[in-house]
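Only one structure is covered here, and it is reproduced in the block below.
Since this is a predicted model, take the numbers as computed values, not measurements.
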Amino acid sequence: MTNNVLNTRSKMTVDGDTVEFYSLRALEDSGIGSVDRLPYALKILLENLLRCEDGRAVTREDIVTLADWDVRAGRQQEIAFTPARILLQDFTGVPAVVDLAAMRDGVARLGGDPARVNPRQPVDLVIDHSVQVDHYGKPEAFQLNAELEFSRNRERYAFLRWGQNAFENFSVVPPDTGIVHQVNLEYLAHVVCLNKVEGVNVAYPDTLVGTDSHTTMVNGLGVVGWGVGGIEAEAAMLGQPISMLIPDVIGVHLFGRLAEGVTATDLVLAMTERLRQYGVVGKFVEFYGAGLAHLTLADRATLGNMSPEYGATIAVFPIDDLTLDYLRLTGRDPRHIRLVESYAKTQGLFREMKSEAVYSDTIDFDLAVVEPSLAGPRRPQDRVSLSRAKDEFNDVVNSMVTDSGQESDSSLTNFQKSPDNIDHGAVVVAAITSCTNTSNPSVMIGAGLLAKKAVERGLKVKPWVKTSFAPGSLVVTEYLAAAGLLDYLDQLGFHLVGYGCTTCIGNSGPLPKAVSTAITERKLVVASVLSGNRNFEGRIQSQVRANYLASPPLVVAYALAGSMMVDLTSESLGQDAENCDVFLHDIWPSVSEIQDVSEVVLRTEMFKSSYAGVFEGDERWRQLPTPEGQQFNWDADSTYICNPPFFDGLEMMPAPLQDIREARVLAMLGDSVTTDHISPAGAIPADSPAG
């Protein structure tokens, strides 16, 4: 344990066991700062400084400064943050593991013990970004896609499996298990950590950084964490603190409740629009107010997940009774849940309506005014109300057609029954996908109920629509099957295609040949509708120029309509067996219907069974030929897993630092080009903004 100059180490008893912690109240009682008025997120950072105080990276002055911080002053002050753990996904995490393997080689060349090279902080890597939707619309789609995934990624998977066995403090969640952020929310996150340090049980808040921007999904659980670059993540893995400015904290005051027919997706799209307009880039966002009582934990996680889309570093919710209920639902140890409650209340981290923090600024947000919406065609913050979607898309398609040198035709609404005859505005991709919404039972059950009603009325998905269903965890298919809803999704072509991040990062796979040919030959402006969080042009599918984010039920509805040129609020989705028009409001499930199903099918046992062998993987994973030993056996012919030269010529004494001279810009990119456009996790078409 660090030398706590400020003497705030305190004790508490949980289930008869003595637990030590670094007390924020003791700090305030000693006359330092006014801790109680600090936002929740800054309290988490303050505890981090208290616990990690060493007189070098973290000093007494740093602690006093943050404890007495005036969040409204607009000052800037640097602090050192040490996350409790690191979260990696497979694409961005591989370089970090490669560097650790190379470091072992360097240590061995100097005569040291390579087995001593391990992450200093706990690291979890979830393989979720490699599955692609090649097969869809058939019962065997998941199996076929999984086989292709393993054949394409065998070398990388063998390397990660070696790392799983070789390194301490490092775990790997194998492929076909779930999306990193949902697995983190449902299983990996502790909320409060408990570790034995020098023989003493020490409790402290769960914090993390991850190599994926949507690491913020876990903010919904009261866990402070955000996405960072690979270099920062590697430094944190090795125990180095992350240097950061004390952030402004914007308080979002939630009040009211969502209206009937409005989903959590509609809420997050409205919030993204609002916060983008306000400007929260580089800031912390913290939600408070009476409206929190009307949001589920999954709703909160959805808001946290979209934090990168409105530019905030985090979007956090304090710990409260809902947090504890979710931990119980997802099968966490009852003793640990009691620790979370005791620690949060003792530290002043538990949400209480009577106690409101002081924020840099506040925003009022009425949940009651949120309406059914989409976002697109290019940016997550470009919200479009469902009632205006047809008219606005008509403007979009005309501008895109004009830009491409074609003649504009505002009457592009006549669709035939064959993919060969599709026209502008065709929905060619409809994907229930992404960590954002597949973590939320209300919208997933809503999609299943809508599919059931559509099938019962005789509706079918249009033949040019590529449908897919890629949930974020095994639990999703468990409760949908228990509700008897999977079969109806299957009948509409939304068969399971894989557990992982698919369409949202561009792993949507090729379009059917007839559709692809029609788009190319006629230069069509076609659309995708997905329940994801990113919709930049060219990201979802290289031939699809217009991409819309929507709730899972709306994804199903647009697959039935087959076109953005249909007004779902007033026009028919199709005809039933009696040739009567069927409208969206005829098959849209009510809140009470969704709640009734949820109460019956959502069971703790599902989470326990799904995560019982989470690190073991399936037979394909277990049978992978995997190198053994403390050092990796590099393949000299590999063009992917290569030994980097960082440690070549390494000596016991480091070489003197040299000035960097005549450095050149590597890439100068346009507005709205983000790291997601140039990420190795997705394709970079030559004619895309990043290309």
Checklist line | Heavy-atom donor-acceptor pair, R332 side chain to A189 backbone, under 3.5 Å | finding: yes
Note to self: Could you check whether any side-chain N or O of T467 sits under 3.5 Å from a backbone N or O of G493, counting only pairs where one atom can act as donor and the other as acceptor?
What the structure shows: yes
Check: Does the side chain of S385 come under 3.5 Å of the side chain of S373 through a donor N or O and an acceptor N or O?
Finding: no
Checklist line | Results of salt bridge (Lys or Arg N to Asp or Glu O under 4.0 Å) for D206 - residues two or more places apart only | finding: R85
Check: Is N219 reaching over with its side chain to a backbone N or O of V223, donor-acceptor style, under 3.5 angstrom?
Finding: yes
Note to self: Looking at every non-hydrogen atom in both residues, tell me the closest pair between Y204 and A84 and how far apart they are.
What the structure shows: CE1-CB, 3.8 Å
Checklist line | Any donor-acceptor pair under 3.5 Å from D576 side chain to C580 backbone | finding: yes
Check: Are a donor atom and an acceptor atom from the side chains of N305 and H181 found within less than 3.5 Å of each other?
Finding: no
Notebook entry, point to check: Does the K43 side chain pair with the main chain of G348, one donor and one acceptor, at a distance under 3.5 Å?
Noted result: yes
Item checked: Side-chain heavy-atom pair L459, V455 within 4.5 angstrom cut-off -> no
Notebook entry, point to check: Is there a side-chain contact between L45 and I246 (heavy atoms, below 4.5 Å)?
Noted result: no
Next item on the list: Report yes or no: do Q381 and Y310 form a side-chain donor-acceptor pair below 3.5 Å?
Entry: no
Note to self: Donor-acceptor check, side chain of E286 to backbone of V316, threshold 3.5 angstrom: yes or no?
What the structure shows: no
Item checked: Y611 versus E186, side-chain donor and acceptor atoms under 3.5 Å -> yes
Notebook entry, point to check: Under the 3.5 angstrom rule, does the side chain of S307 hit a backbone N or O of A312 as a donor-acceptor pair?
Noted result: yes
Margin query: Using 0.5 Å steps for rounding, measure from the CG atom of L568 to the NE2 atom of H585.
Written below: 11.0 Å
Check: Ignoring hydrogens and geometry, is there a side-chain-to-backbone donor-acceptor pair from T302 to N437 under 3.5 Å?
Finding: no
Next item on the list: Could you go through the side-chain contact (heavy atoms from CB on, under 4.5 Å) check for I179 and Y499 one step at a time?
Entry: CA-CA 7 Å; I179 299 175; Y499 295 95; over 6 Å; no
Notebook entry, point to check: If we only count heavy atoms from C-beta on, is the R276 to R383 side-chain gap below 4.5 Å?
Noted result: no
Next item on the list: Fit a plane to each ring of F21 and Y343, take the angle between them on a 0 to 90° scale, and name the class: parallel (under 30°), tilted (30 to 60°) or perpendicular (over 60°).
Entry: perpendicular
Next item on the list: Decide yes or no for S442 and D299: does some side-chain heavy atom of the first lie under 4.5 Å from some side-chain heavy atom of the second?
Entry: yes
Next item on the list: Working to the nearest 0.5 Å, report the span between CD of E605 and OG of S610.
Entry: 11.0 Å
Next item on the list: May I ask you to decide if S590's main-chain N or O and E593's side chain share a donor-acceptor pair within less than 3.5 Å?
Entry: yes
Notebook entry, point to check: Roughly how far apart are I540 CD1 and R545 CZ, rounded to 0.5 Å?
Noted result: 15.5 Å
Check: Step by step, would you call D361 with Y278 a side-chain hydrogen bond (donor to acceptor under 3.5 Å, both in side chains)?
Finding: CA-CA 11 Å; D361 196 6; Y278 174 88; 2.5 Å; yes
Notebook entry, point to check: What pair of heavy atoms forms the shortest contact from F365 to V252, and how long is it?
Noted result: CB-CG1, 4.1 Å
Next item on the list: Please report the closest heavy-atom contact between L297 and L322, naming both atoms and the distance.
Entry: N-CD2, 3.6 Å
Next item on the list: Cation-pi check, R37 to W69: give yes when NZ or CZ is under 6.0 Å from the six-membered ring centre and within 45° of the ring axis, no otherwise.
Entry: no
Next item on the list: Locate the shortest heavy-atom distance separating L269 from L374; write the atom from each residue and the value.
Entry: CD1-C, 3.7 Å
Note to self: Please evaluate residues T207 and N48 with respect to the criterion side-chain contact (heavy atoms from CB on, under 4.5 Å), reporting the C-alpha separation (whole Å), side-chain torsions for both, the decisive distance (0.1 Å), and the verdict.
What the structure shows: CA-CA 9 Å; T207 57; N48 196 272; 4.2 Å; yes
Next item on the list: Answer with yes or no after comparing the ring centroid distance for H253 and Y288 against a 6.0 Å cut-off, counting only values under it.
Entry: yes
Next item on the list: Could you tell me which non-hydrogen atom of D36 sits nearest to which non-hydrogen atom of E28, and how far apart they are?
Entry: N-OE1, 3.2 Å
Next item on the list: Any chance you could measure T362, atom OG1, to I250, atom CD1, to the nearest 0.5 Å?
Entry: 8.5 Å
Next item on the list: Would you indicate whether R603, at its atom CZ, is surrounded by more than 12 heavy atoms from other residues, nucleotides or ligands within a distance under 6.0 Å?
Entry: yes
Checklist line | Pairwise distance CG(D567) to CG(L584) - rounded to 0.5 angstrom | finding: 10.0 Å
Checklist line | L554 vs W588 side-chain heavy atoms within contact, under 4.5 Å | finding: yes
Next item on the list: Could you tell me whether the side chains of D212 and T215 share a donor-acceptor contact shorter than 3.5 Å?
Entry: no
Next item on the list: Can you label the angle between the F287 ring and the F317 ring as parallel, tilted or perpendicular, going by 30° and 60°?
Entry: parallel
Margin query: If I take atom OG from residue S572 and atom CZ from residue F583, how far apart are they, to the nearest 0.5 angstrom?
Written below: 5.5 Å
Note to self: In the structure I gave you, are the side-chain heavy atoms of I432 and S468 within less than 4.5 Å of one another anywhere?
What the structure shows: no
Notebook entry, point to check: Which atom names give the shortest non-hydrogen contact between A470 and G500, and what distance separates them?
Noted result: CB-O, 3.9 Å
Next item on the list: May I have the step-by-step check of side-chain hydrogen bond (donor to acceptor under 3.5 Å, both in side chains) for T502 and T433, ending in yes or no?
Entry: CA-CA 7 Å; T502 55; T433 181; 3.0 Å; yes
Next item on the list: Go through the side-chain N and O atoms of T436 and N533 and say whether any donor and acceptor fall under 3.5 Å apart.
Entry: yes
Margin query: For a side-chain contact (heavy atoms from CB on, under 4.5 Å) check, start with the C-alpha distance between V465 and Y558, then their side-chain angles and the critical distance, and finish with the verdict.
Written below: CA-CA 9 Å; V465 184; Y558 271 105; over 6 Å; no
Notebook entry, point to check: If we only count heavy atoms from C-beta on, is the K452 to L485 side-chain gap below 4.5 Å?
Noted result: yes
Note to self: Does atom CD (Q277) have a neighbourhood of more than 12 heavy atoms from anything else shown, all under 6.0 Å?
What the structure shows: yes
Margin query: Assess the residue pair R539 and I505 against the criterion (side-chain contact (heavy atoms from CB on, under 4.5 Å)); give the C-alpha distance rounded to whole Å, side-chain angles, the decisive distance to 0.1 Å, and a yes or no.
Written below: CA-CA 7 Å; R539 175 187 176 90; I505 60 161; 3.5 Å; yes
Checklist line | Any side-chain heavy-atom pair of Y187 and T330 under 4.5 Å | finding: no
Notebook entry, point to check: Counting N and O atoms only, with roles assigned by atom type, does the side chain of R378 sit under 3.5 Å from a partner on the main chain of N547, one being a donor and the other an acceptor?
Noted result: no
Margin query: With salt bridge (charged side-chain N to carboxylate O under 4.0 Å, His left out) as the criterion, how do D320 and R300 come out once you've worked through the C-alpha distance, each side chain's angles and the decisive distance to 0.1 Å?
Written below: CA-CA 12 Å; D320 62 6; R300 298 178 183 186; 2.8 Å; yes
